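Structure first, commentary second.
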Amino acid sequence: MRKPVIAGNWKLYKTKNEALALIEELAPLVKGVDNVEIVVAPVFTVLPSLIGAVSGTGINLAGQDVFWEDEGAFTGEISPRMLMDAGASYVIIGHSERRQYFGETDATVNKKVKSALKGALVPIMCIGETLESREAGETFKVLEGQLRGGLEGLTATQFAPVIIAYEPVWAIGTGKTASDEQAQEAHAFIRGVLADLYGKQVADKTRVLYGGSVKPENIKGLMGCADIDGALVGGASLKGASFASIVRYGE
Ligand code: PEP
């Protein structure tokens, strides 16, 4: 009942020609996949040049961030309307790298989620605890704070399209994946908080993705967990073959 989403976060990699080459490699490998929503998030500048390449392939484009104003004197920012104009239909918001290096907070995440929804972009809102928080026994407290803060003021109807990505910070780019049990435990907790916020019906429909060193070798186990509805993939999304085999985890 929840269509899985496999999203690739290309981070600060791939120029225009490299991005086109990656799509050309990936597209035939995921041809015919219709039981998984496929999303890739390149850097902003290459989005428009990928529109033609992804057309008819089932691959959707995402931004890696968005600002909350439509336009104005906000040097360096990009608005939901501009992202849509560039070809994106999804947007990653609150990635831990943005929280860690660029001062993203739950309050800014909240403004961005609201503006993305207003602009009809599907937000992929990232949350996740640091190793320090996990070791201090504060994982659930951190996740609940990030969820409530990031979603503050949204009604159930407004929230409905939002995708949540649980990404334990200690598992991102480190090669260390959360065990299936650790991930499932966090995902079940997240769905519980969403049920408390928006009711069980809405929570049961929400896609909650896992992110953190997902690769072809561990995707099957993760996707076998009851509350894991897909993956946000960094490193392994930069090669067509590995991303395609993650997309085709069920085969
Ligand atoms: C990410 O960038 O969201 C991510 C999970 O990266 P990686 O898969 O490389 O750990």
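Model, not experiment: these values are computed from the prediction. Just follow the structure's listing: the first ligand is 1, and inside any ligand the first atom is 1.
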Top protein contact for atom 3 (O) of ligand 1, by heavy-atom distance
Glu167 OE2, 2.6 Å

Plane angle bin for Tyr210 and His187 - parallel if under 30°, tilted between 30 and 60°, otherwise perpendicular
tilted

Does an N or O from Ile172, backbone or side chain, lie closer than 3.5 Å to an N or O of ligand 1?
no

Paired with Gln146, the side chain to side chain contact (heavy atoms under 4.5 Å, CB included) test is passed by just one of Ile164, Ile127, Leu151, Ile190, namely Ile127

For Gly212 and ligand 1, answer yes if some heavy atom of the residue is under 4.0 Å from a ligand atom, otherwise no.
yes

Could you identify the single nearest non-hydrogen protein atom to atom 8 (O) of ligand 1 and state the distance to 0.1 Å?
Gly234 N, 2.8 Å

For His95 and ligand 1, answer yes if some heavy atom of the residue is under 4.0 Å from a ligand atom, otherwise no.
yes

With a 4.0 Å cut-off on N to O distance, would you call Arg148 and Asp196 a salt bridge?
yes

How far is atom 2 (O) of ligand 1 from its nearest protein heavy atom, and which residue and atom is that?
Lys11 CE, 2.6 Å

Just checking Lys16: does its NZ atom have more than 12 heavy atoms from other residues, nucleotides or ligands closer to it than 6.0 angstrom?
no

May I ask whether Ala171 places a heavy atom under 4.0 Å from ligand 1?
yes

To the closest 0.5 Å, what do you measure between OG1 (Thr177) and CG (Leu222)?
7.0 Å

Write out the residue and atom name of the closest protein heavy atom to atom 9 (O) of ligand 1, then the distance separating them to 0.1 Å.
Gly235 N, 2.9 Å

Would you say ligand 1 has an N or O under 3.5 Å from any N or O of Thr174?
no

